[in-house]
Number of protein chains: 4
Amino acid sequence: MSPKTPDQFQEIREKSREHLLVVSMRLFALNGYQATSISQIAKEAGVAKGALYHYFDSKETLLEEVIKLGLTNIQELFNDEELKSGDAKEQLRKLMQKTFKSMETDKEFWSLYASLITQMRGSEKLKEIFRPLVISTFDMLTNLLESNGVPDARMRALSIGGMIDGVALHYMYVMEEYPFEEVTNYIIDKMLFP
Amino acid sequence: MSPKTPDQFQEIREKSREHLLVVSMRLFALNGYQATSISQIAKEAGVAKGALYHYFDSKETLLEEVIKLGLTNIQELFNDEELKSGDAKEQLRKLMQKTFKSMETDKEFWSLYASLITQMRGSEKLKEIFRPLVISTFDMLTNLLESNGVPDARMRALSIGGMIDGVALHYMYVMEEYPFEEVTNYIIDKMLFP
Amino acid sequence: MSPKTPDQFQEIREKSREHLLVVSMRLFALNGYQATSISQIAKEAGVAKGALYHYFDSKETLLEEVIKLGLTNIQELFNDEELKSGDAKEQLRKLMQKTFKSMETDKEFWSLYASLITQMRGSEKLKEIFRPLVISTFDMLTNLLESNGVPDARMRALSIGGMIDGVALHYMYVMEEYPFEEVTNYIIDKMLFP
Amino acid sequence: MSPKTPDQFQEIREKSREHLLVVSMRLFALNGYQATSISQIAKEAGVAKGALYHYFDSKETLLEEVIKLGLTNIQELFNDEELKSGDAKEQLRKLMQKTFKSMETDKEFWSLYASLITQMRGSEKLKEIFRPLVISTFDMLTNLLESNGVPDARMRALSIGGMIDGVALHYMYVMEEYPFEEVTNYIIDKMLFP
DNA sequence: TATGAATGAGTCTTCATTCAT
DNA sequence: AATGAATGAAGACTCATTCAT
């Protein structure tokens with residue numbers, strides 16, 4: 001009831017916005033973007049439908065913001081200095097472990113990400129968002145290997161990149177349990193650096 | 001003046017049906033099942049909306065038939081005796097080559113397959129169709145390796161399976177050109193059988 | 001295979017036509033006019049959809065012909081000389097008995113008749129068909145009573161007419177078993193001619 | 001600038017809902033439930049199609065609510081203590097008078113009721129609603145007669161019940177004018193209690 | 001800023017009707 | 001006369017979006 005300062009308003013706005021994003025991501029991931037309705041999001045978030053349009057111009061914008069938030073979270077995760085220590089082998093192992101761990105903890109985001117990627121061919125916007133992401137990951141991988149003197153860096157990067165995303169796909173959609181730890185170690189120790 | 005013979009009708013039906021299936025597969029693959037409307041398919045196929053319902057009971061049935069057609073095509077491809085000759089290494093190389101070749105020729109189906117897999121969570125029917133498929137592929141791979149005395153068959157199968165699907169994903173959605181041949185040889189010769 | 005004479009053609013045509021009418025009446029009565037589709041009738045009758053349009057201009061025409069056929073059947077039933085013998089009391093008893101018997105044997109037609117009557121308000125065509133029918137029945141009843149010296153003939157006709165149709169309604173839609181015999185006798189002996 | 005209060009929304013809802021119910025009842029009664037389209041109702045009510053779905057889950061639900069409203073109105077009418085005073089003869093007379101009066105004032109509902117009853121065969125839901133209603137009316141009639149020492153209570157109830165519904169049918173669908181008063185008195189004074 | 005009633009284009013689906021053969 | 005493939009208007013229903021308050 002007390003009059004609110006602009007800052008407080010700002011803060012409330014931020015909170016609501018983020019809450020809507022979190023709810024949206026969950027629903028998008030769970031049921032798919034198309035199958036999730038604005039009403040459903042509003043109800044789940046405990047606000048009126050109209051409120052959503054104060055924060056986001058359209059359902060599509062909302063999706064973009066959800067993706068942006070997800071990517072930010074993920075990037076933070078990988079901005080860990082710890083990841084950059086050790087030799088190529090160790091860095092790679094940590095990278096894969098971190099990736100797979102994130103698949104378990106952020107399964108929602110990753111499965112949204114996967115389902116969106118498979119619809120990229122029909123949408124320029126999605127292409128703009130995801131293609132650079134995947135490509136820069138390849139570059140990062142290639143660099144990591146190259147700068148550690150690993151031969152055939154590009155080929156290996158392609159293989160590893162494929163393997164990581166394929167394993168992710170299998171984990172998310174086919175197998176409930178996946179021996180991440182063993183597969184990681186197997187790939188690193190037996191296939192990449194035998 | 002004379003009525004059409006049953007054979008004539010049969011022929012007309014077959015042609016229309018197949019045409020509709022081909023168009024549907026393309027659109028489903030491009031935009032996703034949900035985002036593709038019956039009207040769109042009809043327009044693209046150059047028929048009236050109603051015509052679709054002469055051939056398929058519902059949009060869902062249509063999808064199932066599209067999948068069936070795709071799977072049949074793929075299975076024919078892999079029913080080649082040639083694939084089963086040679087040692088594990090050779091068999092695996094041929095298998096991967098064939099798979100990647102099929103990705104180029106049946107890109108439409110494979111990208112539909114991918115987009116459906118990522119939407120499986122919401123549909124029991126899709127699960128019933130695809131899960132066994134992936135699992136039996138893993139088993140086949142494991143057997144192939146095991147029966148050729150390759151150690152760690154299961155682990156390798158998981159890694160290779162993941163790699164194949166991941167590479168497919170990258171090819172279909174990220175890179176227009178993919179060095180399939182090199183990657184295949186690299187994986188076989190340097191990673192699996194160094 | 002033998003060439004057919006015009007008469008034979010005519011006969012075949014008649015047969016097909018009548019068959020279609022019978023099938024249509026059954027389905028209309030069973031599921032309602034609106035809920036019965038032309039395809040359904042064609043399938044049930046064992047002919048192609050197109051054939052129906054050789055015999056009837058439209059679904060509405062078909063309905064009219066069905067009604068016409070039903071009315072003809074009913075009228076034949078009541079054209080029995082036997083019905084016109086005896087005094088008013090006996091004639092009335094026979095009339096009611098015959099009517100109720102027909103409700104049991106031609107239940108299909110009667111329930112179609114009832115369901116159509118209740119949609120008369122919205123359809124001029126139905127009004128044209130049914131209103132004269134009901135009114136002439138009233139007249140017939142009134143005459144029967146009047147010419148036998150029964151007092152208050154019009155009032156009684158209205159009451160009896162209502163009673164008959166009401167009882168029919170209850171029999172057809174509410175009670176599976178109806179004590180037609182007793183009710184008939186009761187009405188005649190206790191209420192009309194006490 | 002200030003948002004609408006819950007009370008304001010409540011009021012808007014109530015008004016719209018009732019308006020839609022009234023319009024729906026009229027159209028359902030006039031053309032039958034099946035033959036009345038949602039678009040038609042919306043147009044007649046002066047709202048967009050979608051609006052109907054704010055208030056009713058489906059066309060079927062709408063019908064149920066229409067029936068509920070009609071039954072409530074009717075029941076209120078018959079919950080009059082005045083109806084239960086006097087001897088059987090008087091009670092019956094008042095009952096019939098009230099019924100016929102209601103046929104004139106609530107013609108819309110009664111003709112919907114009639115048209116629905118004749119379509120009951122296809123719908124379990126309608127059966128559940130109407131059968132008990134008719135049967136309980138018979139029981140009420142029987143009781144009324146029995147408790148007043150009228151002989152042959154059941155038979156009379158069946159006859160009177162039939163007569164009332166038949167007369168209603170004739171009034172609604174055949175004759176624009178019906179001598180209710182005279183018929184009522186005639187039935188009571190000459191046929192039932194001569 | 002927040003509400004939720006209202007809109008209307010769009011969804012899947014049905015079906016009376018037409019028509020080439 | 002007969003066939004059944006094809007049409008397309010119409011049906012019930014959904015939902016992103018707008019807007020008065």
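Only heavy atoms go into these numbers, but all of them, side chains included; no hydrogens, no water, no symmetry mates. Every chain is numbered from 1 and lettered A, B, ... according to where its sequence line falls, protein lines coming before strand lines.
- Classification of D:K68 and D:E64 as a salt-bridged pair fails, no side-chain N sitting under 4.0 Å from a carboxylate O.
- Summarising the geometry, the separation between CZ on C:F56 and P on E:dC15 is reported as 20 Å, rounded to the nearest angstrom.
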Set out, in order, the CA-CA distance, both residues' side-chain angles and the distance that settles side chain to side chain contact (heavy atoms under 4.5 Å, CB included) for D:I67 and D:L126, then state yes or no. CA-CA 10 Å; D:I67 295 173; D:L126 287 180; 4.0 Å; yes
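- At least one side-chain heavy atom of A:L62 sits under 4.5 Å from a side-chain heavy atom of A:L21.
- Of all non-hydrogen atoms in A:Y55 and A:L20, the two that sit nearest each other are CD1-CD1, 3.6 Å.
- The CD atom of C:E44 sits 10.0 Å away from the OG atom of C:S24 when rounded to the nearest 0.5 Å.
- The nearest whole Å value for the distance from the CD atom in D:E14 to the C1' atom in E:dA5 is 14 Å.
- The two residues B:N31 and A:G122 have their closest heavy-atom pair at OD1-CA, 3.9 Å.
- Between C:Y113 and C:F130, the distance separating the two ring centers is shorter than 6.0 angstrom.
- Rounded to an integer number of Å, the gap from B:R17 CZ to F:dA5 P is 13 Å.
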What does nucleotides 6-12 of chain F look like as a protein-contact string, B for base, S for sugar-phosphate only, - for none, at under 4.0 angstrom between heavy atoms? BBB-BSS
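- With rounding to whole Å, A:K43 atom NZ is found 12 Å from F:dT14 atom P.
- Rounded to an integer number of Å, the gap from A:L63 CG to F:dT17 C1' is 17 Å.
- For the pair D:Q10 CD and F:dT21 P, the computed distance is 19 Å after rounding to whole Å.
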Give the dot-bracket line for DNA chain E from 5' end to 3' end: parentheses for intra-strand Watson-Crick or G-U pairs under 3.5 Å, square brackets for crossings, | for inter-strand pairing, dots for unpaired. .||||||||||||||||||||
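- For the pair C:K127 and C:E124, the minimum side-chain heavy-atom distance is below 4.5 Å.
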